[in-house]
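I have placed the structure first, in the form of structure tokens, so that the comments after it can refer back to it.
In what follows, every chain begins at residue 1, and chains take the letters A, B, ... in the order their sequences are listed. Values below: all heavy atoms of this structure, side chains included; hydrogens, waters and symmetry mates excluded. In this text the structure is predicted, and so the values were computed from the model without any measurement.
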Amino acid sequence: MHEEFPTDEPAVVTCGLPYANGDLHVGHLRTYVSGDALSRALARVGQDVAFVCGSDMHGTPIAVNAAEEGVDPESFALEHHERIRETFPQFNVEFDNYGHTHDGTNTELTREFVRSWIDGGHVLEKEIRVAWDAAADQPLPDRFVEGTCPYCGEDARGDECDEGCQRHLEPGEIEAPVSTITGNPAEYRTRPHKFLRLSDFQAYLQGFLDRLEGTANAQNQPREWIEGELQDLCITRDMDWGIDYPGDAAGDASDAPEAGDSTETDLVLYVWVDAPIEYVASTKQYSERVGADEYDWEAVWKNRADGGEIIHVIGHDIIQHHTVFWPAMLRGADYNEPRAVMACGFVNLDGEAFSTSRNRAVWADDYVESGLHPDLYRYHIVTGSEFVADVDFSWDGLQERVNNELVGTLGNFCYRSLLFAERNYDGTPDAEVSEEVREEIEAAIEAFHAAINDYRVRGLGQVPLELARFGNEYIQRHEPWKLTDDDPEAATQVIRDCVQLSKALAVLMEPVLPGKAETLWNQLGEPGSVHDTRLEDALAAPPDAFDEPGELFDQLDDGTVERLDAQLEARIEAAADDAADDAAADRADTETDDADSADTAADAGADADRTETETDDADAADADTMDVDPIANDRVPFEEFTDLDLRVAEVLSADPIEGADDLVRLEVDLGVETRQIVAGIRQLHDLESLPGTRIVVVANLERTELFGVESDGMLLAAGEQADLLTTLGEAEPGTTVQ
RNA sequence: AGCGGGAUGGGAUAGCCAGGAGAUUCCGCCGGGCUCAUAACCCGGAGACCGGACGUUCAAAUCGUCCUCCCGCUACCA
């Protein structure tokens with residue numbers, strides 16, 4: 001489908017936008033280092049390429065955190081933006097442009113996108129229920145509300161179920177909502193919002209995924225999302241931090257006169273709208289800085305006929321946004337589609353997940369302060385595993401890779417070669433490169449090309465190591481130190497080959513080890529910059545003379561590793577102590593605070609405890625069935641109980657819902673009327689035997705729709721097996737349960 | 001429940017898409033060599049019947065089916 005790199009069209013490599021809400025850790029950096037390496041590699045093979053990114057400045061977490069600190073969101077985000085921006089060079093991650101989503105370029109471009117969607121008829125308005133803080137009299141978009149995930153029951157915040165199933169939550173979905181502003185239970189109010197009609201792009205997206213390159217997970221994972229009818233994406237939020245929805249500014253005179261302080265009634269765009277557009281905006285800024293002759297952003301993004309090569313490098317947690325929402329957004333605005341999405345796995349810390357809340361993390365600053373060269377981290381993280389797989393970071397692991405591979409193999413070969421050459425020949429000995437070595441270098445170049453075209457950044461790091469391995473073998477096999485006296489000509493040949501191999505290594509290692517490549521390049525006495533080389537330069541003759549080289553890599557000694565480990569341990573423990581204190585405080589809070597969240601907090605605590613401390617009890621009880629949940633501490637007033645309208649009902653029919661695994665559509669007789677109720681009991685009951693059964697239902701539960709079927713009420717059942725509540729006597733359908 | 005990914009010598013990994021001499025690399029273990037090199041480098045050896053079971057094939061770690069276990073994802077709330 002696509003031609004191989006390098007192509008005639010310009011390319012752009014982007015990385016997922018860091019959120020301007022905190023610092024980067026070595027897990028985040030995997031994406032940026034990988035993107036940087038890929039972009040450098042593309043340049044080495046002669047591809048015209050830009051590497052861009054920017055900070056994600058909007059969204060409710062920033063608004064929430066800024067409010068907590070008592071500063072305005074803009075300066076809050078800008079401060080983090082600067083910190084993040086300054087972090088990248090410390091890891092040799094060099095963006096051609098690094099902007100942010102709040103700048104003029106992105107704001108303008110985002111509005112253009114949205115206007116295109118409006119013009120194209122892809123935007124519709126719907127009235128939806130949004131969480132509302134009655135006390136503060138304001139809407140509660142996304143992270144301004146916390147509650148329970150409607151899908152998995154875990155604690156969730158805002159637009160995602162961060163603790164549980166990780167689902168994207170649309171506004172209004174979260175249950176038992178609580179305002180993060182006042183801590184009060186939130187209510188729901190109906191508000192008008194704008195939606196992007198994703199279903200318009202259903203067929204297009206199917207084809208898009210067939211064409212998409214990159215990693216397999218990015219291509220396969222979205223398949224099921226686009227199989228069913230795509231839900232409309234709510235693209236607006238009730239808040240004032242963000243980019244204003246452009247429709248209002250243009251037309252609705254009724255809304256706000258221009259004065260500006262209309263506060264909470266303003267609609268801004270959902271953060272996931274303007275965030276990816278920053279990819280375009282940042283490219284545009286780069287283009288404007290260097291001139292369109294040098295790099296033309298429109299050729300990449302806009303010219304559909306022979307568009308450029310758009311490559312997104314992301315973490316696999318945001319595949320959905322990049323393979324469904326984003327291509328639809330681009331398509332709707334008549335922009336080019338991505339050629340490739342590369343989604344990497346997570347970085348674990350000593351085998352366990354990072355936890356920023358528990359401070360179980362190695363922050364970018366920690367690494368910088370360790371004094372270790374950034375290229376060591378780069379090599380470790382890029383070659384530590386296949387891109388799609390998770391990779392482990394530990395100081396031990398780093399030490400092993402560094403000492404064995406970078407010091408022992410790569411550094412040692414270059415050092416012994418150049419040192420020998422300098423001592424005996426004052427530089428490159430006078431001879432032609434042997435056929436064997438030339439072929440070896442050519443094979444490495446070939447492997448390098450293959451790695452790029454397969455989107456395997458790992459290969460970019462492996463290729464130079466393999467060539468160095470060959471080098472060590474080669475020099476050992478020929479033992480030039482024995483030949484200098486016996487057979488000077490043969491010695492000259494061998495060393496000439498080794499110097500050439502070193503030069504090839506400098507070129508080939510540049511993407512993953514840019515700093516060390518530069519050092520090696522300079523040791524060879526090369527004029528120019530290794531960052532401007534092409535792969536072919538690996539075969540060109542090095543300068544005749546160069547100075548005595550230094551050691552390319554230093555050993556990472558045990559003392560340093562122990563110190564770094566101890567430092568990490570100490571911090572995890574300190575954080576654990578804090579967390580224990582917090583948890584205790586939380587428990588105290590919830591006892592006196594609102595009843596709703598106390599329930600969930602207590603449950604979560606009980607679950608966690610159970611796995612660790614109550615195993616004995618579990619054994620004593622009927623172990624393979626279940627534990628009995630502790631009785632809830634919180635007493636509810638009788639009035640609250642009477643709010644529930646419980647009734648006896650008789651099942652009239654029970655039919656499975658097509659396409660669902662668990663859901664059953666029940667018709668029940670409530671005495672005064674017949675109701676339709678949906679329940680997830682398909683796997684647990686023989687549906688044919690249900691009609692005639694008397695059950696108990698909550699008759700005044702809010703209506704909802706499950707799998708497209710309306711459910712008007714809820715049946716009551718006990719335990720995992722959904723043992724149905726029924727009546728002992730002859731209570732007629734419709735009888736109130738009290 | 002479905003989908004995606006994974007299960008390979010003591011540990012960590014490659015190979016599987018394009019099936020063919022009992023399998024890569026790093027660590028660890030045993031033995032040897034070399035001494036230009038950062039106790040680095042090179043060579044040799046022990047050690048896995050490639051999660052389990054069927055099947056396709058002259059031939060399977062590699063293809064197919066089923067199963068077990070792990071991880072991730074998804075619009076099903078009794």
Report, as yes or no, whether the 6.0 Å neighbourhood of atom CG on Asp547(A) holds more than 12 heavy atoms from other residues, nucleotides or ligands.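 Atom CG in Asp547(A) is not packed in, count stays at 12 or less.
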
So which protein N/O to nucleotides 26-29 of chain B N/O distances come out below 3.5 Å?
residue : atom : partner   : partner atom : Å
rC27(B) : OP1  : Asn404(A) : OD1          : 2.7
rC27(B) : O4'  : Glu400(A) : OE2          : 3.3

Rounded to the Å, how far apart are Gln219(A) CD and rG5(B) P?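 Rounded to the whole Å, the gap is 11 Å.
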
For the pair made of CZ in Phe470(A) and P in rU25(B), what is the distance, rounded to whole Å?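 From Phe470(A) CZ to rU25(B) P: 16 Å.
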
Residues touching RNA chain B, which here means a heavy atom under 4.0 Å, drawn from residues 487-504 of chain A: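 Contacting residues: none.
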
Pairs: protein N or O with nucleotides 35-37 of chain B N or O, under 3.5 Å:
residue : atom : partner   : partner atom : Å
rC36(B) : O2   : Arg416(A) : NE           : 3.2
rC36(B) : N3   : Arg416(A) : NE           : 3.4
rC36(B) : N3   : Arg416(A) : NH2          : 2.5
rC36(B) : N4   : Arg416(A) : NH2          : 2.9
rC36(B) : N4   : Gln476(A) : OE1          : 3.4
rA37(B) : OP1  : Arg423(A) : NH1          : 3.3
rA37(B) : O2'  : Asn412(A) : ND2          : 2.7
rA37(B) : N1   : Arg416(A) : NH2          : 3.1
rA37(B) : N3   : Asn412(A) : OD1          : 3.4
rA37(B) : N3   : Arg416(A) : NE           : 3.1
rA37(B) : N3   : Arg416(A) : NH2          : 3.4

Applying ring pair (Phe, Tyr, Trp, His ring centres under 6.0 Å), name anything that partners [X], two or more places apart in sequence or on another chain.
X         : value
His193(A) : none
Phe470(A) : Tyr474(A)
His373(A) : none

Among residues two or more places apart or on two chains, list those pairs meeting side chain to side chain donor-acceptor pair (under 3.5 Å) that have a residue in residues 390-399 of chain A.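 For residues 390-399 of chain A, and leaving out neighbouring residues, the side chain to side chain donor-acceptor pair (under 3.5 Å) pairs sorted by first residue read Gln399(A)-Asp558(A).
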
Residues forming a side-chain contact (heavy atoms from CB on, under 4.5 Å) with [X], sequence neighbours excluded:
X         : answer
Cys344(A) : Arg30(A), Thr31(A), Phe387(A)
Tyr415(A) : Leu419(A), Pro549(A), Glu551(A)
Asp200(A) : His122(A), Arg197(A)
Ala731(A) : Val648(A), Thr727(A), Thr735(A)

Do nucleotides 43-48 of chain B as a string where each nucleotide becomes B, S or -: B if the base has a protein heavy atom under 4.0 Å, S if just the sugar-phosphate does, - if no protein is that close. S-----

What contact category does Arg458(A) fall into here, base, sugar-phosphate, or nothing, at under 4.0 angstrom with non-hydrogen atoms?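 If one applies the 4.0 Å heavy-atom cut-off, Arg458(A) turns out to touch the sugar-phosphate alone, with no base involved.
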
Check every strand shown and say whether Phe553(A) touches a base, only sugar-phosphate, or nothing at a heavy-atom separation below 4.0 Å.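 Phe553(A): base contact, heavy atoms under 4.0 Å.
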
Between Glu405(A) and Arg469(A), is a salt bridge (Lys or Arg N to Asp or Glu O under 4.0 Å) present by the stated rule, with each step listed? CA-CA 9 Å; Glu405(A) 298 175 29; Arg469(A) 206 165 284 134; 5.2 Å; no

